[in-house]
Amino acid sequence: MSDADIGQQARARRHADLLMQGGTVLTPNGAERIDVACADGRVVALGDLQGTWSADTTLDATGLHVLPGVIDSQVHFREPGLTHKEDLETGTRGAVLGGVTSIFEMPNTHPLTLWETDLRAKLEAAQGRAWCDYAFFIGGSAVNAERLQALENLPGCAGVKVFMGSSFGDLLADDDNVLRRILRHGRRRMAVHAEDEARLRERRALVEASGDVRQHHHWRDVESALKATRRIVGMATETGRRLHLLHVTTAEEMAFLARHKRRVTVEVTPHHLTMHAPECCERLGSLAQMNPPVRERRHQDALWQAIREGVVDVIGSDHAPHTREEKARPYPQSPSGMTGVQTLLPLMLDHLHAGRLSLQRLVDLTSAGPARIFGIEGKGRIALGYDADLTLVDLAAQRTIRNDWIASRSGWTPYDGMPVIGWPIHTVIRGQVVVRDGQLMGLPQGKTIRFLEVPGETTVGG
Ligand code: DOR
């Protein structure tokens, strides 16, 4: 069947694989009370389909809002090598239970994802085990810089990710010459963890001496983040490369990035929008330790302002599980990172309920935004011919986030005991109901995400 023929038979017979009725559907037109028919994994009809369409399966969406499937473009699922923390099955299970339908996974596994064989091993490991759709980042480093143009175009590759400051794992590219080599060898938008390694090294003694996790955001301070962000944006401008700044945390970076939006896209995490320092570390200790750190209120306010002003393009969870035993090591030996893929949507729905953003903006940040900036094929909106990835939520549901709901092998969330308003109820991926009423259905059927061709207009020195 050719791409153009997909769904044609279903349309001719007005018979769908899945018919979803009674919900308020977030389409590019806004919120509409319409039905959605899905066949061959795609959306094949939208509108009042009552009485005119039949289906193998129906899903009653009365009282629910139907969002385009949530895309989490930053997770660490730890396979291969660190599967005592997480693996592709547990990580993607948490994703779909939390309403996430697609993920991009990060390269700081063991071994690192640096070569075609590493990528292929992840794609093979995901087959038949991933509950949602997936793509994997390739790590950019001194050893593979000249190969990145070929690597980034392999099927299943989400692009290149660079760590400018060491965080968890051995992936690091902190030298300007190496960074320039990486930037010059590729054309896709490059994802960056921007903390300045030299400054982090200089300041490490601060926390070695105190052993106090409340110092984490003083060690990895505003200047560490701002300096790296300025450096990489300067080099990207010089080399004509587009960038994606991961987990931006400071007011100062947001002010700087607002002036570079033509080239640079921006991610924030629900952690940085929800918690603030030092309160989070006083309450949670090293469970709240992550890189870049959760910072003081003024930064959190600036992140929300950047969401309102359109500086932020996507919400990514930076799901980075470690076991409770590992987290209990004395700081700074305790590893940085928290779970987040499963709580991304509940937290953002709670923020929506509190009036911090609109539903339309949320959809832009969690679906349309990632699809647009990474050039994902056929995802990110509810429209004819697009993948039938749907996240059905109850905006009024009052729930409490609990550790025993978390599918991650690490088994914890920093939000244990937190009441929220708004909850994912059903998750549909390519027309398959993967989660119904909060329960997993069937077997894992995740597929590799496809990307559009890179647009050709990136010119050196542009
Ligand atoms: O806190 C973090 N943990 N930040 C990162 O950049 C890496 C992550 C991890 O992999 O644990």
Side-chain angles (χ1 to χ4, degrees), residues 72-88 90-91 94 103-113 122 136-137 139-141 160-174 190-197 200 204 207 213 215-217 219-221 224-225 228-229 232 244-250 253 267-275 277 280-281 284-295 316-329 331-341 343-344 408-410 412-414:
D72 186 346
S73 46
Q74 192 188 177
V75 301
H76 302 262
F77 283 166
R78 311 301 193 199
E79 182 172 348
L82 300 158
T83 50
H84 65 288
K85 299 175 194 274
E86 195 71 290
D87 66 33
L88 289 164
T90 54
I103 57 96
F104 294 179
E105 206 266 348
M106 287 294 167
N108 58 336
T109 42
H110 283 182
L112 301 171
T113 321
K122 284 193 172 181
F136 298 97
F137 278 102
S141 98
V160 173
K161 151 86 182 271
V162 160
F163 281 89
M164 293 176 73
S166 30
S167 184
F168 177 74
D170 302 326
L171 195 57
L172 184 66
D174 58 336
M190 191 183 89
V192 189
H193 177 130
E195 289 186 285
D196 188 86
E197 180 67 10
L200 294 181
R204 171 126 181 152
V207 287
V213 70
Q215 296 292 317
H216 194 61
H217 66 289
W219 166 30
R220 305 178 86 107
D221 66 348
S224 307
T229 292
I232 198 71
H244 180 56
L245 266 284
L246 297 161
H247 41 43
V248 174
T249 56
T250 69
E253 286 169 285
E267 176 198 78
V268 296
T269 80
H271 296 317
H272 297 105
L273 291 168
T274 308
M275 292 190 257
C280 61
C281 288
L284 296 165
S286 59
L287 289 184
Q289 174 194 335
M290 73 176 291
N291 301 330
V294 177
R295 302 189 189 278
S317 72
D318 193 11
H319 177 83
H322 300 284
T323 65
R324 276 184 261 228
E325 295 71 35
E326 290 163 339
K327 279 294 212 179
R329 288 182 200 142
Y331 180 80
Q333 279 81 49
S334 43
S336 293
M338 312 178 220
T339 60
V341 70
T343 48
L344 181 156
S408 171
R409 178 148 304 138
S410 68
W412 63 275
T413 162

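All ligand and atom numbering here is 1-based and tracks the order in the structure. Bear in mind the structure is a predicted one, so any value in this text is a computation, not a measurement.
Of the possible donor and acceptor atoms, none in the side chain of Thr83 sits under 3.5 Å from a partner among the backbone N and O of Glu79. A donor-acceptor contact shorter than 3.5 Å is absent between the side chain of Glu197 and the backbone of Asp174. Proximity of a side-chain donor or acceptor of Lys327 to a complementary backbone N or O of Gln289 within less than 3.5 Å is detected. A donor-acceptor pair under 3.5 Å is formed between the side chain of Thr274 and the backbone N or O of Pro270.
For the side chain to side chain contact (heavy atoms under 4.5 Å, CB included) test, residues two or more places apart in sequence or in another chain that qualify with Pro332 are Arg204, Val207, Glu208. In this view, Phe163 and His193 satisfy the ring-ring contact (aromatic ring centres under 6.0 Å, His included) rule, not counting sequence neighbours.
For His193, every heavy-atom contact with ligand 1 shorter than 4.0 Å involves the side chain, none the backbone.
Atom 3 (N) of ligand 1 has Ser336 O, 2.9 Å as its closest protein atom, hydrogens excluded (heavy atom only). Nearest protein neighbour of atom 8 (C) of ligand 1, counting heavy atoms only, is Ala320 CB, 3.6 Å. Scanning the protein for heavy atoms near atom 4 (N) of ligand 1, the closest one is Asn291 O, 2.8 Å. Nearest protein heavy-atom contact of atom 7 (C) of ligand 1 is Ser167 OG, 3.3 Å.
Within the 4.0 Å heavy-atom cutoff, Arg78 counts among the residues contacting ligand 1. The shell of residues lying under 4.0 angstrom from ligand 1, judged by heavy atoms, includes His322.
Those atoms of ligand 1 with a heavy atom of Phe163 less than 4.0 angstrom away are 6 (O). If you number the atoms of ligand 1 from 1 as listed, the ones under 4.0 Å from a heavy atom of Asn108 come out as 9 (C), 10 (O). The ligand atoms of ligand 1 that sit less than 4.0 angstrom from a heavy atom of Met290 are 1 (O).
In summary, of the residues considered (Lys122, Arg78, His76), a side-chain hydrogen bond (donor to acceptor under 3.5 Å, both in side chains) with Thr109 occurs for Lys122 alone.
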